[in-house]
Each structure stands twice: as structure tokens, then as C-alpha cells.
Amino acid sequence: MTDIKQLTTAVSRRGLLKGSALSLGGLLISAWLPPLVTRSFAAETVSAGRLGDAASPGFGAFVRVGRDGLVTLISPKIEMGQGVQTGIAMMVAEELEVPLSQIRIEEAPPNADLYTDNVLQFQATGGSSSTRYTWEPLRRAGATARVLLIEAAALRWKVAPSQCHAENGQVLGPNGQKAAYGDLVEAASGLPVPKDVALKAIADFKLLGTPAQRLDTPNKVNGSAQFTIDLKIPDMLIASTLTCPVFGGKLRSVKDEAARKVPGVRDVIRLENAVAVTATNFWACQQALKALEIEWDLGPHAAVSSADLDKALQDASTKDGVFAKQTGDIAAALKNAPSHFEAVYEQPFLSHSPLEPMTCVAHVRPDMCELWVGCQAPGFAQMGAAKVCGMPLEKVVIHNQLIGGGFGRRLESDFIFQAVDIARQISYPIKLIWSREEDMTHDKYRPHYVDRLNAALDKDLRPTGWEHRIAGASVVAAYVGKLPENGVDSDAVEVAIDPVYALDNLQVRYIRQDPDVIPVSWWRGVGPLRSTYAVECFIDELAHNAKADPVDYRLGLMQAHPRAQAVLKKAAELADWKTPLPAGHGRGVAVSSVFGSFVATVVELEMQGEKGFLIKRLITVVDCGFVNNPTSVASQMEGGTLFGLSAALFNEILVENGQVVQNNFHAYRQIRMSDAPPVEVHLISSAESPGGVGETGAVPAAAALVNALYAASKKRERRLPLSRFGYFTV
């Protein structure tokens, strides 16, 4: 298979300007889509083979057809359980006319010139962008390779290319000729890259749109798949850490005599805010860490509590902040309205807590820093690691691995930098493994938010004005270092500034309130999830205030969004929305436009006493445009929905004395099989370009659940999680 480092070096040296790479043993096709340029310019650039121009960094992907006929896809998107690499392999296989089994996947190395995602604006896997932004470039790469192979066969047989066609990894000629792709590679690689290669029409798809088994499933089932936590390299020892329990604190002193006596322990290493132990096994590391006598300098936040953070955020939510969106005249609408309706919603800090805790294999040598790690943003990791070990960027090599759950956590690289800091002080490679306790108490958390909404209502109790104040930390500023000049965190206000409802007088304000002590970051569903919860709970309250059916009330405000109307109508139909329910039963609904898709979810539940309830049905309908792989989309919608339910029911991170209280799953409960209803997923496929689904299922779950709880109990809860108020599932 192609050596990734060799491939990247070749491309960066402009050695593949015509799209061929015989030196690598095959035909290499590039696809490049620079951000914020016209499609015509992008097409010309792709056809000309201009790759990685430093003045125009863009999205890059490579497809190699080898002399053995196998197709290698160098994937710019990391696999972390979402099935993305199977989806993008299907795109290439479809256009290249090869079976999916003939595709091999390799992870792309850090290279911003080649692999920048033109929606995220950096090389990363996240934001449900993978299918959306590989849809055209990767299909075009596959189609280009197919055309070149057909042309090579036509030249061999001295016939017109139009008389030949590709099928099942070979080219067929007009007189019964056959040539396998591998036999045509050398000739094809010498041909000029064609311009304006036509892509297949959806009606001609053979593979795309059909259920396909994921390429990563067999190895994960038989145990041969290697996650970072599984890796072993020569002379490697295990490392684990204890970090200061208060963010911002430092190590003052440590006595390690007892720890060094634990069998298997090799070294005790002091870091600025942590102590690391290396040993032959993880158990020895943990026993040694327990034996350490540590004195911490807890820093300035040692007295901070959740009560303090709550009060600061509530106070901030009453301030003006900055305008995120203004349409119409909200002041006049509020002044002239016959009535108003106000509500305040609160969402807590949340931990990512993926199945695989933070893990990184690191080996720092005098001439190189080598890392094996599952990472959603390899370029950022490479830059930070280079700074920690004091080496030039090109001396830091990252081997990206399968990820055992990300949810946004592995967009961050703090654990990678800690591994490098440890490895630079020793002569052997280490595999840093955080304990579950370390992982949960030193996360980068989904921010705590307060949403204040105020609606001006007409005589029919429909909104004529909509004022929305969003207070919370800035994930964008935490990640990139600052906000844009307008002071708006674009993530925090997403969906809120562009709801599916017709609101002529709309005003959305953002009030930045970064919490003392708690670092924040992206979390599955990000801004669309947090805004959809507030918007969909509020619109539900408005419907009940008007004594109107919640579905009908929504539909009356959604004329400009036919796709949103369609998913809502279908969800209501599947849920038998108009069928009356017995007392103590209720249905709740939520709908949103997120990540280029439209989704509606209905929850039906039955009260069991005052606080207990049983979720009897959960229906979710999604229009994500063309459905690339129905099996994968349904799986993502199911998993995302349960992920969102879990957070709404149980999840909350609290702080006492500057320290995170929840330190393992006994205190940060996940949804169990006994809690989880069957998730009925219905897909509305269309000819629209694909939207995202990796986070889409999580987005409406909480609002639909809370709205169902009100319908069943007539009690309106506005703060999550529901377990905070004694609610439990049965």
C-alpha cells in the first residue's frame, strides 16, 4: 500500500502536478476544492492539477489505483465510529466502477494545504461536514480515474473511448475486449488529466443510495482493529498522570519514594501541573499514582462552586451583549403587542466521556517527535506538539489512528501535548493512558448556557416579535484564541439566528460569559443542539399558551421551509399524532434545520407516578438530501438520538471547591438498555446534495422529551438534566 509520508512529500514538492505517480506504483488522482471560490475556478484548478498552493489552501483528497487493481483512498476524514470512511469510499467506488471491497483506506497526515475542510476552515473531522464536503471532490477523483483508464484501454485497442465502458474494476471494449485496471495503470498515468469530467446522475448510481456494510466492521468485530489504546511499539512503557484537581493550579511538591517501590514502575516525572508515572503496565501506574504524596498549588479558583457559576451566568443573561441578528423592529413589536410570553432555559456543563479515554503514544528522539494518536484535528496537534518539544514542524510525525469515540473531545490536543511533555524527558516511547477519573475531571466541557426568550404575540397568540438572549462561554474563542470583531460566537447562535419559523421581527443577542475554572470546547451537536433546545421548547410553550396543537402551530409558521414541513408532517403521521392518548400519557415534538439536514423527532411517554416515566415510542424523521448509505444514516440517527436523550435525562458536570464533582460513570450516568426506547428512523431521500447526520440525531432529542413530559404531566421543566429534579425512567 502507498506510504503516506512518501505520498505527502511527493505532493508537497509539486511532483504530481499532472495527477500521476508511477514512482508510487500506480495512478494517483487528486481532487482539490479551495474554500470560498467559485465552482468554475475550483473545476479549473482541479483539472490543471494545481495542488496545495500556499496562497490558496484547500480541501484535498487522493485516490490511487495500484498495479494490483486495488484502490487506495487517502482519507482526509478520521473514522471515529460514524462510518464516514465507508461513505466516502462508496463515492469513489461508484464513480470508479469498482466493488466497495476493492477500496482500501489510509489516514491523511497533517497537511493544511491539502486537507483543509472548506466549511470548517481547517483540517478536521467534525461539524457533520465530512459527507457534505467530500461529496463532489471525491466523486470527481473517482470519475477522473475512470476516464483515464478508459482512454488508456481505447488507445490500446485503437477504438474511440466512447466505445468502451468501465465495469467491476475493468474496462470493456466494443469487440469483447477486457482489461483490468491494474494492467492499464502505467498507460493511464501518462495521459493528460481531463477537464470537466462528468459525474454520474443519481438515477445511474449502482452503489450509492444502497445499504452497504461498513468497511471497518469486520476488523472491529474480530479484534484486529487497532485503536491508540491497543498499540504497542518496541521498548514502549505505559504512562499515566495525576493532574492538579483545580484547572489553573500547579504542582508544588511531590514525594515519590513509595511510588517508585511499586513493581514495574520505571520513572516518576514532574510536569508543571501534573505528575506522571511510567511503568510496564497500567495497573502499576495507577498504584504508583495512589502512593504519591502530592502538594498542589490550587491557584485562584479553588473556592469556585457551581452556585457561583450559575449566578454569574444568570446575571450575564440579563445584559445586552452584542447583536447576532436583527430583522424588522423588535422594539415596536414588543411595544405594540397585545401580550407577551417569556421563558428562561438553562443547559449544564457536559463531559464528552468517550469509551476510549484520552490516549496517545509518543516517542521523542533527538531528531524527531513521533506520535500515534486518534485525533480529529491533526494539524493543530502537530503544531502544538512541535512547540512543546521545541522542534520544527516537519520533525513532528503523526500517525492518525481509529478513534474510540470523539464527540468533539479529540478536536482538542491537551492530552497529546502532555504525552509529548512526558516523552521529551525520557529516552523511550510511552503510551499515555488517562484513567476514567482523569478523563472526566479534566475534560474540555460543553458550556453551561442560559437562554432568555421573549415573544410579542398578536391577538391569535402567534409571535410577531421574537427576542432571544444567549449567555454562555465562547467555544470559538477558546479554540482559536479570540472572537471575530463583531464579538459573536457563531457556534452559540447557530439555529437561533436562522430558525425554521417565519419571524419578521427577530433579535438575537450573544452575551459572552466564560466561567472561572472550567475549560470549554465542542460537544456533539454543538451550537445547533443548544439553540434547538431553547427554540423548540419555547415554540412549544407558545403553542400551549395559544391552546393550539403543537404540530399545527409550528406548521403555521413554517411556510418558507417546505423540507422542514415535510419532516414534521411525516413524524406526526408516523407517531399517530392526532390519536388521543390516555391521561398521564403525552407526545412531544421538536424540529430543526441543522448541518444541511432537516430533522423532526416525536417522543411519546407515559408517567409512572409523579416523577417516573416510561418512553414508549421515539420517532425521528430526517431529510439529509441524497442518502449515501441508508444503513449508516439510520445508525447515526439512532446513536445520536440516544446520545441526546442521555444528556437530557442524566448528564451534568458540577463544581465544588474548584473541582469537578463527577469522576466516573456512577456519577455521570449514561442511558442504559432499560432506559432506551427503540428509535424508529425514517429517511426522506431526495436529489439534494447530502447533509450531515453525525450530530443531527442528537439535536432535537432533549426538546422533544421535555415537551412530551409537559404533555403528560402538565409540568414544564426548563433546566436540564431532568434527573436534577428527581425524574427517572422506568
Side-chain angles (χ1 to χ4, degrees), residues 75 77-91 93 100-101 103 105 125-132 134-135 207-222 225 227 352 354-356 374 376 402-408 524-525 528-529 567 570-571 574 594-603 615 617-647 670-673 675-685 690-701 704:
S75 172
K77 299 295 181 179
I78 189 69
E79 180 62 61
M80 51 184 170
Q82 78 279 42
V84 62
Q85 291 188 345
T86 301
I88 61 179
M90 290 174 71
M91 300 175 201
L100 190 57
S101 60
I103 304 284
I105 303 289
T125 304
S128 295
S129 70
S130 297
T131 299
R132 289 185 284 164
T134 56
W135 176 245
L207 177 61
L208 287 171
T210 67
Q213 181 182 358
R214 281 176 45 168
L215 297 176
D216 55 326
T217 296
N219 288 345
K220 288 180 177 177
V221 171
N222 65 30
F227 297 85
H352 298 85
L355 182 63
E356 181 187 23
Q376 290 178 247
L402 292 173
I403 293 177
F407 316 127
R524 188 179 190 181
L529 182 146
V567 294
K570 189 64 178 180
L574 293 171
V594 291
F595 307 112
S597 297
F598 294 83
V599 60
T601 295
V602 174
V603 171
I615 301 176
R617 291 190 72 190
L618 194 154
I619 298 99
T620 188
V621 178
V622 62
D623 171 2
C624 59
F626 179 77
V627 178
N628 190 343
N629 182 352
T631 301
S632 182
V633 171
S635 295
Q636 283 298 288
M637 294 302 296
E638 291 168 1
T641 298
L642 294 177
F643 189 87
L645 275 184
S646 192
Q670 301 302 299
I671 197 165
R672 300 168 183 162
M673 292 178 70
D675 303 315
V679 179
E680 304 171 39
V681 177
H682 183 87
L683 310 180
I684 298 178
S685 188
V693 297
E695 296 161 278
T696 300
V699 168

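This chain uses plain numbering: 1 for the first residue, then up along the sequence. Owing to the predicted nature of the structure, the values given are computational and were not obtained by experimental measurement.
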| Closest contact, heavy atoms only, P630 versus G209 | CG-O, 3.5 Å
| message | Walk me through whether T601 and I619 qualify under side chain to side chain contact (heavy atoms under 4.5 Å, CB included). | response | CA-CA 6 Å; T601 295; I619 298 99; over 6 Å; no
| Taking all non-hydrogen atoms of both residues, which atom of V627 and which atom of S685 are closest, and how far apart? | N-OG, 3.5 Å
| Would you say L618 and L645 make side-chain contact, with heavy atoms under 4.5 Å? | yes
| message | So, using salt bridge (charged side-chain N to carboxylate O under 4.0 Å, His left out) as the criterion, who are the partners of R617 when residues are at least two apart? | response | D576, E680
| V594 and V599: CA distance, side-chain angles, deciding distance, side chain to side chain contact (heavy atoms under 4.5 Å, CB included) verdict | CA-CA 8 Å; V594 291; V599 60; 4.1 Å; yes
| message | Suppose the criterion is salt bridge (Lys or Arg N to Asp or Glu O under 4.0 Å): which pairs have a residue in residues 620-632, not counting sequence neighbours? | response | R563-D623
| Heavy-atom pair of closest approach, residues G127 and R132 | O-NH2, 2.7 Å
| Out of T131, N628, L215, which one pairs with M90 under the side chain to side chain contact (heavy atoms under 4.5 Å, CB included) rule? | N628
| Pairwise distance CD(Q670) to CG(L642) - rounded to 0.5 angstrom | 11.0 Å
| message | Just to verify, which of D216, N222, T217 counts as forming a side chain to side chain donor-acceptor pair (under 3.5 Å) with K220? | response | D216
| request: Give the C-alpha distance, both sets of side-chain angles, the deciding distance and a yes or no for side chain to side chain contact (heavy atoms under 4.5 Å, CB included) between V622 and I684. | output: CA-CA 6 Å; V622 62; I684 298 178; over 6 Å; no
| With E79 via salt bridge (charged side-chain N to carboxylate O under 4.0 Å, His left out) - residues at least two apart | R214
| request: Write down the atom of P354, the atom of G404, and the distance for their closest heavy-atom approach. | output: CB-O, 4.0 Å
| message | Assess, by modelled atom type and distance only, whether the side chains of S128 and E695 contain a donor and an acceptor separated by less than 3.5 Å. | response | yes
| request: Measure the CD1-CD distance between I78 and Q85 for me, rounded to the nearest 0.5 Å. | output: 6.0 Å
| query | Just wondering, do L683 and V621 contact through their side chains at under 4.5 Å, heavy atoms? | reply | no
| said: Minimum heavy-atom separation for S646 and I671, please, with both atom names. | reply: OG-N, 2.9 Å
| remark: Value for CG (L208) from CG (N629), rounded to nearest 0.5 Å, stands at 9.0 Å
| message | For F227, give me all partners under ring pair (Phe, Tyr, Trp, His ring centres under 6.0 Å), at least two apart in sequence or on another chain. | response | none
| message | Working to the nearest 0.5 angstrom, can you tell me the gap between E356 CD and L402 CG? | response | 9.0 Å
Donor-acceptor contacts under 3.5 Å from residues 632-641 side chains, at least two apart:
unit_1, atom_1, unit_2, atom_2, d
S635, OG, T631, O, 3.0
T641, OG1, M637, O, 2.7
T641, OG1, G697, O, 3.4

| field | Residues forming a ring pair (Phe, Tyr, Trp, His ring centres under 6.0 Å) with F598, sequence neighbours excluded | value | none
| query | Could you go step by step and tell me if S130 and T125 meet the side chain to side chain contact (heavy atoms under 4.5 Å, CB included) rule? | reply | CA-CA 7 Å; S130 297; T125 304; 3.9 Å; yes
| Ignoring hydrogens and geometry, is there a side-chain-to-backbone donor-acceptor pair from T620 to V681 under 3.5 Å? | no
| Axial cation check for F643 ring with R524, 6.0 Å and 45° limits | yes
| field | Nearest heavy-atom neighbours spanning I105 and A89 | value | CD1-CB, 4.1 Å
